[in-house]
Colleague: 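Sharing a structure, written as C-alpha coordinates. Questions coming.
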Amino acid sequence: MELNLHRLWIFMQVVEHQGFSAAAQKLYMSQPSVSNQVRRLEQSLRVPLIDRSGVRARATAEGEVLASYGKRVFLLADEAVAAVRQVSGLVTGRLLVGGSTTVGTYLLPALLARYREAHPGIDCDIFVGNNEAVRERLLSGGIGVAVVAGAPHATQLHTEHVLDERLVLVAPAGHPLARDPETDGPVTPAELDGARFLLREPGSQTRELQEQVLADWGLRTASRGDVWGPEALKRCVAAGLGLTLVSEHAVAEDLAHGSLTVLPVEPAPRPRPVSLVRRRDRLLSPAESAFTTLLRSHPTWPTPERGNDANNQDAPAL
(Lines give C-alpha, C1' and ligand atoms only; values in the text may rest on other atoms or scores of the structure.)
Protein backbone atom coordinates (compact mmCIF):
# COMPACT_ATOMS: atom_id res chain seq x y z
CA MET A 1 0.00 0.00 0.00
CA GLU A 2 1.45 3.39 -1.06
CA LEU A 3 0.36 6.72 0.45
CA ASN A 4 0.20 9.48 -2.14
CA LEU A 5 1.31 12.70 -0.42
CA HIS A 6 -0.41 14.94 -2.96
CA ARG A 7 -3.74 13.25 -2.29
CA LEU A 8 -3.04 13.33 1.44
CA TRP A 9 -2.57 17.12 1.29
CA ILE A 10 -5.83 17.54 -0.64
CA PHE A 11 -7.65 15.34 1.90
CA MET A 12 -6.29 17.44 4.78
CA GLN A 13 -7.54 20.63 3.12
CA VAL A 14 -11.01 19.11 2.85
CA VAL A 15 -10.91 18.24 6.55
CA GLU A 16 -9.57 21.65 7.58
CA HIS A 17 -12.11 23.61 5.52
CA GLN A 18 -14.96 21.13 6.15
CA GLY A 19 -15.96 20.90 2.52
CA PHE A 20 -14.87 20.03 -0.99
CA SER A 21 -15.81 23.43 -2.45
CA ALA A 22 -13.86 25.38 0.18
CA ALA A 23 -10.84 23.10 -0.27
CA ALA A 24 -11.04 23.50 -4.05
CA GLN A 25 -10.95 27.29 -3.72
CA LYS A 26 -7.97 27.07 -1.38
CA LEU A 27 -6.11 24.73 -3.74
CA TYR A 28 -7.17 26.48 -6.99
CA MET A 29 -8.69 23.23 -8.21
CA SER A 30 -12.14 22.26 -9.41
CA GLN A 31 -14.47 20.63 -6.90
CA PRO A 32 -14.77 17.40 -8.97
CA SER A 33 -10.97 17.12 -9.08
CA VAL A 34 -10.72 17.48 -5.30
CA SER A 35 -13.49 14.95 -4.76
CA ASN A 36 -11.87 12.52 -7.19
CA GLN A 37 -8.47 12.75 -5.50
CA VAL A 38 -9.96 12.09 -2.06
CA ARG A 39 -11.98 9.16 -3.40
CA ARG A 40 -8.87 7.62 -4.95
CA LEU A 41 -7.09 8.01 -1.61
CA GLU A 42 -9.98 6.21 0.08
CA GLN A 43 -9.80 3.45 -2.51
CA SER A 44 -6.07 2.98 -1.99
CA LEU A 45 -6.52 2.73 1.79
CA ARG A 46 -9.78 0.75 1.46
CA VAL A 47 -11.55 2.81 4.13
CA PRO A 48 -13.93 5.81 4.05
CA LEU A 49 -12.11 8.97 5.10
CA ILE A 50 -14.83 11.60 4.68
CA ASP A 51 -18.39 11.51 5.96
CA ARG A 52 -20.41 13.11 3.16
CA SER A 53 -23.85 12.68 4.73
CA GLY A 54 -24.06 16.11 6.38
CA VAL A 55 -24.03 19.68 5.17
CA ARG A 56 -20.32 19.86 5.89
CA ALA A 57 -17.73 17.25 5.03
CA ARG A 58 -16.25 15.71 8.17
CA ALA A 59 -13.53 13.16 8.74
CA THR A 60 -14.58 9.65 9.69
CA ALA A 61 -12.83 7.90 12.59
CA GLU A 62 -10.29 6.55 10.09
CA GLY A 63 -9.98 10.00 8.53
CA GLU A 64 -9.24 11.63 11.87
CA VAL A 65 -6.40 9.16 12.45
CA LEU A 66 -4.98 9.85 8.99
CA ALA A 67 -5.30 13.62 9.46
CA SER A 68 -3.37 13.51 12.74
CA TYR A 69 -0.53 11.63 11.06
CA GLY A 70 -0.76 13.92 8.04
CA LYS A 71 -0.08 16.96 10.22
CA ARG A 72 3.05 15.28 11.51
CA VAL A 73 4.16 14.32 8.01
CA PHE A 74 3.93 17.86 6.66
CA LEU A 75 5.36 19.38 9.83
CA LEU A 76 8.36 17.10 9.39
CA ALA A 77 8.62 18.26 5.77
CA ASP A 78 8.72 21.88 6.96
CA GLU A 79 11.45 20.97 9.42
CA ALA A 80 13.43 19.32 6.61
CA VAL A 81 13.25 22.56 4.61
CA ALA A 82 14.31 24.52 7.70
CA ALA A 83 17.27 22.20 8.23
CA VAL A 84 18.40 22.67 4.64
CA ARG A 85 18.12 26.43 4.98
CA GLN A 86 20.33 26.29 8.07
CA VAL A 87 23.17 25.78 5.61
CA SER A 88 22.41 28.91 3.56
CA GLY A 89 21.75 31.14 6.55
CA LEU A 90 19.48 34.20 6.52
CA VAL A 91 19.89 35.49 2.99
CA THR A 92 16.29 34.81 1.96
CA GLY A 93 13.22 33.31 3.59
CA ARG A 94 10.04 34.08 5.47
CA LEU A 95 9.27 34.62 9.13
CA LEU A 96 5.76 34.16 10.52
CA VAL A 97 5.36 35.13 14.18
CA GLY A 98 2.21 34.71 16.22
CA GLY A 99 1.22 37.24 18.84
CA SER A 100 -1.59 37.52 21.34
CA THR A 101 -3.66 40.64 20.69
CA THR A 102 -1.83 43.12 22.93
CA VAL A 103 1.64 41.78 22.16
CA GLY A 104 0.93 41.44 18.45
CA THR A 105 -0.39 45.00 18.26
CA TYR A 106 2.02 46.94 20.48
CA LEU A 107 5.28 44.95 20.54
CA LEU A 108 5.76 42.81 17.43
CA PRO A 109 5.51 45.46 14.67
CA ALA A 110 8.40 47.52 16.02
CA LEU A 111 10.37 44.41 16.92
CA LEU A 112 10.01 43.00 13.41
CA ALA A 113 11.03 46.34 11.93
CA ARG A 114 14.28 46.02 13.86
CA TYR A 115 14.54 42.42 12.64
CA ARG A 116 14.17 43.50 9.00
CA GLU A 117 16.97 46.03 9.44
CA ALA A 118 19.29 43.16 10.35
CA HIS A 119 17.85 40.67 7.83
CA PRO A 120 16.40 42.57 4.85
CA GLY A 121 16.05 39.41 2.77
CA ILE A 122 13.52 37.87 5.17
CA ASP A 123 9.83 38.60 4.61
CA CYS A 124 7.99 39.08 7.93
CA ASP A 125 4.35 38.30 8.68
CA ILE A 126 2.35 38.46 11.91
CA PHE A 127 -0.64 36.39 12.96
CA VAL A 128 -2.55 38.21 15.72
CA GLY A 129 -5.32 36.61 17.77
CA ASN A 130 -6.28 36.00 21.36
CA ASN A 131 -4.28 33.44 23.33
CA GLU A 132 -6.63 30.61 22.46
CA ALA A 133 -6.33 31.24 18.71
CA VAL A 134 -2.52 31.54 18.85
CA ARG A 135 -2.23 28.34 20.90
CA GLU A 136 -4.29 26.43 18.35
CA ARG A 137 -2.11 27.70 15.49
CA LEU A 138 1.02 26.61 17.34
CA LEU A 139 -0.36 23.15 18.08
CA SER A 140 -1.50 22.64 14.48
CA GLY A 141 1.91 23.66 13.12
CA GLY A 142 0.56 26.77 11.37
CA ILE A 143 2.93 28.95 13.42
CA GLY A 144 6.42 27.99 14.52
CA VAL A 145 6.97 30.64 17.19
CA ALA A 146 4.75 33.11 19.05
CA VAL A 147 4.96 35.80 21.73
CA VAL A 148 1.96 35.91 24.05
CA ALA A 149 0.79 37.45 27.29
CA GLY A 150 0.74 34.89 30.09
CA ALA A 151 2.07 31.35 29.91
CA PRO A 152 -0.11 28.95 27.89
CA HIS A 153 -0.30 25.42 29.23
CA ALA A 154 0.04 22.51 26.82
CA THR A 155 2.40 19.56 27.05
CA GLN A 156 3.38 20.00 23.38
CA LEU A 157 4.53 23.60 23.92
CA HIS A 158 7.74 25.02 25.34
CA THR A 159 7.21 28.34 27.12
CA GLU A 160 9.97 30.81 28.01
CA HIS A 161 9.42 33.92 30.12
CA VAL A 162 11.00 36.88 28.29
CA LEU A 163 9.30 40.08 29.49
CA ASP A 164 6.87 41.46 32.05
CA GLU A 165 4.00 43.89 31.72
CA ARG A 166 1.28 45.16 34.02
CA LEU A 167 -2.34 46.14 33.67
CA VAL A 168 -3.48 49.62 34.63
CA LEU A 169 -7.00 50.81 35.38
CA VAL A 170 -7.97 53.44 32.82
CA ALA A 171 -10.86 55.90 32.76
CA PRO A 172 -11.92 58.72 30.45
CA ALA A 173 -10.10 62.02 30.89
CA GLY A 174 -11.55 64.10 33.71
CA HIS A 175 -12.91 61.13 35.64
CA PRO A 176 -13.87 62.05 39.25
CA LEU A 177 -11.40 59.49 40.68
CA ALA A 178 -8.42 60.80 38.67
CA ARG A 179 -5.82 62.07 41.13
CA ASP A 180 -2.15 62.41 41.97
CA PRO A 181 -1.33 59.46 44.27
CA GLU A 182 1.58 61.37 45.79
CA THR A 183 -0.63 64.15 47.12
CA ASP A 184 -4.13 62.64 47.25
CA GLY A 185 -3.31 58.98 47.87
CA PRO A 186 -4.26 56.01 45.69
CA VAL A 187 -7.78 54.98 44.71
CA THR A 188 -9.14 52.21 46.92
CA PRO A 189 -11.23 49.28 45.64
CA ALA A 190 -14.10 50.52 47.80
CA GLU A 191 -14.23 53.71 45.73
CA LEU A 192 -14.77 51.59 42.62
CA ASP A 193 -17.91 49.98 43.99
CA GLY A 194 -20.73 50.69 41.56
CA ALA A 195 -18.43 51.31 38.56
CA ARG A 196 -18.98 49.45 35.29
CA PHE A 197 -16.00 47.47 33.99
CA LEU A 198 -15.39 46.65 30.33
CA LEU A 199 -13.60 43.34 29.79
CA ARG A 200 -11.89 41.68 26.84
CA GLU A 201 -13.57 38.81 25.01
CA PRO A 202 -13.55 35.24 26.43
CA GLY A 203 -10.44 33.37 25.29
CA SER A 204 -8.22 36.40 25.87
CA GLN A 205 -5.50 36.10 28.51
CA THR A 206 -6.18 39.74 29.39
CA ARG A 207 -9.77 38.75 30.21
CA GLU A 208 -8.55 36.09 32.65
CA LEU A 209 -6.31 38.60 34.38
CA GLN A 210 -9.04 41.26 34.46
CA GLU A 211 -11.35 38.80 36.21
CA GLN A 212 -8.63 37.93 38.71
CA VAL A 213 -7.87 41.56 39.54
CA LEU A 214 -11.55 42.35 40.11
CA ALA A 215 -11.76 39.34 42.41
CA ASP A 216 -8.67 40.52 44.31
CA TRP A 217 -10.36 43.91 44.76
CA GLY A 218 -13.57 42.30 46.03
CA LEU A 219 -15.51 43.35 42.93
CA ARG A 220 -16.58 39.96 41.56
CA THR A 221 -20.19 41.11 41.17
CA ALA A 222 -19.39 44.49 39.59
CA SER A 223 -21.35 45.50 36.48
CA ARG A 224 -19.43 44.51 33.36
CA GLY A 225 -19.56 44.32 29.59
CA ASP A 226 -17.58 42.49 26.88
CA VAL A 227 -15.57 44.29 24.20
CA TRP A 228 -13.50 42.54 21.53
CA GLY A 229 -9.96 43.88 21.08
CA PRO A 230 -7.89 46.50 22.92
CA GLU A 231 -8.53 49.35 20.48
CA ALA A 232 -12.32 49.01 20.74
CA LEU A 233 -11.91 48.67 24.51
CA LYS A 234 -10.06 51.97 24.76
CA ARG A 235 -12.53 53.80 22.56
CA CYS A 236 -15.42 52.58 24.70
CA VAL A 237 -13.69 53.88 27.82
CA ALA A 238 -12.95 57.24 26.19
CA ALA A 239 -16.64 57.46 25.27
CA GLY A 240 -17.59 57.06 28.93
CA LEU A 241 -19.04 53.54 28.73
CA GLY A 242 -17.00 52.23 31.67
CA LEU A 243 -13.55 51.58 33.11
CA THR A 244 -11.14 48.89 32.02
CA LEU A 245 -7.92 47.15 32.96
CA VAL A 246 -5.54 47.11 30.01
CA SER A 247 -1.84 46.76 29.29
CA GLU A 248 0.19 49.83 30.20
CA HIS A 249 1.71 49.67 26.70
CA ALA A 250 -1.67 49.72 24.98
CA VAL A 251 -2.53 53.16 26.41
CA ALA A 252 0.80 54.99 26.19
CA GLU A 253 -0.28 57.17 23.24
CA ASP A 254 -3.79 57.71 24.65
CA LEU A 255 -2.34 58.99 27.92
CA ALA A 256 0.03 61.30 26.05
CA HIS A 257 -2.87 62.68 23.98
CA GLY A 258 -5.05 63.14 27.06
CA SER A 259 -8.01 61.01 25.94
CA LEU A 260 -7.57 58.52 28.81
CA THR A 261 -6.26 58.69 32.37
CA VAL A 262 -4.89 56.05 34.72
CA LEU A 263 -6.55 55.61 38.10
CA PRO A 264 -3.79 54.72 40.62
CA VAL A 265 -5.47 51.86 42.50
CA GLU A 266 -3.90 50.25 45.56
CA PRO A 267 -3.24 47.33 45.58
CA ALA A 268 -1.99 47.56 42.00
CA PRO A 269 -2.49 44.59 39.65
CA ARG A 270 0.39 42.15 39.70
CA PRO A 271 2.68 42.09 36.64
CA ARG A 272 2.01 39.33 34.12
CA PRO A 273 4.64 37.48 32.09
CA VAL A 274 5.10 37.78 28.36
CA SER A 275 6.24 34.44 26.96
CA LEU A 276 8.04 33.12 23.92
CA VAL A 277 6.24 29.92 22.89
CA ARG A 278 7.00 27.17 20.39
CA ARG A 279 6.28 23.48 19.86
CA ARG A 280 8.68 21.19 21.68
CA ASP A 281 9.00 18.84 18.70
CA ARG A 282 9.57 21.49 16.04
CA LEU A 283 12.96 22.58 14.71
CA LEU A 284 13.13 26.36 14.40
CA SER A 285 14.13 27.77 11.04
CA PRO A 286 17.13 30.13 10.86
CA ALA A 287 14.72 33.07 10.56
CA GLU A 288 12.82 31.97 13.67
CA SER A 289 16.02 31.36 15.62
CA ALA A 290 17.27 34.85 14.77
CA PHE A 291 13.94 36.31 15.92
CA THR A 292 14.12 34.55 19.29
CA THR A 293 17.66 35.85 19.77
CA LEU A 294 16.51 39.41 19.09
CA LEU A 295 13.56 39.06 21.49
CA ARG A 296 15.79 37.76 24.29
CA SER A 297 18.07 40.78 23.86
CA HIS A 298 15.26 43.02 25.22
CA PRO A 299 14.80 42.11 28.91
CA THR A 300 12.37 45.01 29.40
CA TRP A 301 9.48 46.12 27.24
CA PRO A 302 10.79 48.87 24.94
CA THR A 303 9.58 52.41 25.51
CA PRO A 304 6.97 53.33 22.85
CA GLU A 305 8.21 55.87 20.34
CA ARG A 306 6.34 59.19 20.14
CA GLY A 307 7.08 60.47 16.66
CA ASN A 308 9.78 63.14 16.41
CA ASP A 309 9.34 64.51 19.92
CA ALA A 310 12.66 66.09 20.82
CA ASN A 311 12.08 65.17 24.44
CA ASN A 312 12.07 61.51 23.43
CA GLN A 313 15.62 61.44 22.11
CA ASP A 314 16.92 59.51 25.10
CA ALA A 315 14.15 56.88 25.05
CA PRO A 316 15.59 53.40 24.41
CA ALA A 317 15.02 52.32 20.82
CA LEU A 318 13.55 48.93 20.01
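The structure presented is a predicted model; accordingly, all values stated were derived computationally and were not measured.
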Colleague: Flag the pair V148 / V274 as yes when at least one side-chain heavy-atom distance between them is below 4.5 Å, and no otherwise.
Modeller: no

Colleague: Kindly give the heavy-atom pair with the smallest separation between Y115 and A287, and that separation in Å.
Modeller: OH-O, 2.8 Å

Colleague: I'd like to know if V147 and L111 are part of one continuous hydrophobic network [Ile/Leu/Val/Met/Phe/Trp/Tyr, side-chain heavy atoms within less than 4.5 Å].
Modeller: yes

Colleague: When hydrophobic residues are tied together by side-chain contacts of less than 4.5 Å, even through go-betweens, does V168 share a cluster with L241?
Modeller: yes

Colleague: Between the side chain of S275 and the main-chain N/O of V277, is any donor-acceptor distance below 3.5 Å?
Modeller: no

Colleague: Applying side-chain hydrogen bond (donor to acceptor under 3.5 Å, both in side chains) to T292 and S289, what does each step give before you reach the verdict?
Modeller: CA-CA 5 Å; T292 61; S289 295; 5.2 Å; no

Colleague: Measuring from atom CZ of R200 to atom OG1 of T206, what distance do you get when rounded to the nearest 0.5 angstrom?
Modeller: 5.0 Å

Colleague: Do NZ/NE/NH1/NH2 and the carboxylate oxygens of R94 and D125 come within less than 4.0 Å?
Modeller: yes

Colleague: For P267 and W217, work out which heavy atoms get closest and say how close.
Modeller: O-NE1, 2.9 Å

Colleague: Check whether any side-chain heavy atom of L219 sits under 4.5 Å from a side-chain heavy atom of V213, and report yes or no.
Modeller: no

Colleague: Does this structure show an ion pair linking E42 with R52, if we count only N-O contacts that are shorter than 4.0 Å?
Modeller: yes

Colleague: For a quick check under 3.5 Å, do R166 and S247 share a side-chain donor-acceptor pair by atom type?
Modeller: no

Colleague: Determine whether more than 12 heavy atoms belonging to other residues, nucleotides or ligands lie under 6.0 Å from atom CZ of R56.
Modeller: no

Colleague: Do you know the tightest heavy-atom contact between V237 and L260?
Modeller: CG1-CD2, 3.7 Å

Colleague: When rounded to the nearest 0.5 angstrom, what distance separates CG in L167 from CD in E248?
Modeller: 8.5 Å

Colleague: Taking all non-hydrogen atoms of both residues into account, name the closest pair between A57 and I50 and its distance.
Modeller: CB-CG2, 3.8 Å

Colleague: Looking at V265, L263, L198, which hits side chain to side chain contact (heavy atoms under 4.5 Å, CB included) with L243?
Modeller: L263

Colleague: Taking atom types as modelled, is there a side-chain donor on Q156 or R279 under 3.5 Å from an acceptor on the other?
Modeller: no

Colleague: Within the side chain of S140, is there an N or O that forms a donor-acceptor pair under 3.5 Å with the backbone of E136?
Modeller: yes

Colleague: State yes or no: do V227 and V128 share one hydrophobic cluster built from I, L, V, M, F, W and Y residues joined by side-chain heavy-atom distances below 4.5 Å, directly or via other members?
Modeller: no

Colleague: Could you grab the distance from atom CG of D184 to atom CG of L177, nearest 0.5 Å is fine?
Modeller: 11.5 Å

Colleague: Checking the side chain of T261 only, and the main-chain atoms of A178 only, is there a donor and an acceptor separated by less than 3.5 Å?
Modeller: no

Colleague: I'd like to know if the side chain of R196 reaches the main chain of S223, judged simply by a donor and an acceptor atom lying under 3.5 Å from each other, with no hydrogens or angles considered.
Modeller: no

Colleague: Salt bridge or not between K234 and D254? Use side-chain N to carboxylate O under 4.0 Å.
Modeller: yes

Colleague: Between E211 and R220, does any NZ, NE, NH1 or NH2 come within less than 4.0 Å of an OD or OE carboxylate oxygen?
Modeller: no

Colleague: Could you grab the distance from atom CD1 of I126 to atom CG of L107, nearest 0.5 Å is fine?
Modeller: 9.0 Å

Colleague: Mind listing the closest non-hydrogen atom pair of V34 and I10 along with its distance?
Modeller: CG1-CG2, 3.7 Å

Colleague: Are R207 and D226 close enough for a salt bridge, meaning some N to O gap below 4.0 Å?
Modeller: yes

Colleague: When you measure from the side chain of Q210 to the backbone of L245, do you find a donor-acceptor pair of N or O atoms at a distance under 3.5 Å?
Modeller: yes

Colleague: Treating Ile, Leu, Val, Met, Phe, Trp and Tyr as nodes and any side-chain heavy-atom pair under 4.5 angstrom as an edge, say whether L95 and V103 lie in one connected cluster.
Modeller: yes

Colleague: Identify the two heavy atoms, one from I143 and one from V97, that lie closest to each other, and give their separation to 0.1 Å.
Modeller: CG2-C, 4.5 Å

Colleague: Compare all side-chain heavy atoms of Y106 with those of P230 and state whether any distance is below 4.5 angstrom.
Modeller: yes

Colleague: To the nearest 0.5 Å, tell me how far E208 CD sits from N130 CG.
Modeller: 10.0 Å

Colleague: Taking the side chain as everything from C-beta on, heavy atoms only, tell me whether L169 gets closer than 4.5 Å to T244.
Modeller: no

Colleague: Do F11 and V47 share a hydrophobic cluster (ILVMFWY, side-chain heavy atoms under 4.5 Å, transitive)?
Modeller: yes

Colleague: So, Q205 and R272: side-chain donor and acceptor under 3.5 Å apart, yes or no?
Modeller: yes

Colleague: State whether the number of non-hydrogen atoms from other residues, nucleotides or ligands found under 6.0 Å of R39 atom CZ is greater than 12.
Modeller: no

Colleague: Nearest 0.5 angstrom please: Q43 CD to N36 CG, how far?
Modeller: 8.0 Å

Colleague: By the definition side chain to side chain contact (heavy atoms under 4.5 Å, CB included), identify the one residue from T159, L295, L163 that meets it with L276.
Modeller: L295

Colleague: So, R116 side chain and P120 main chain: donor-acceptor pair closer than 3.5 Å or not?
Modeller: yes

Colleague: Using only atom types and a distance under 3.5 Å, with no angle test, would you say the side chain of T105 pairs donor to acceptor with the backbone of T102?
Modeller: no

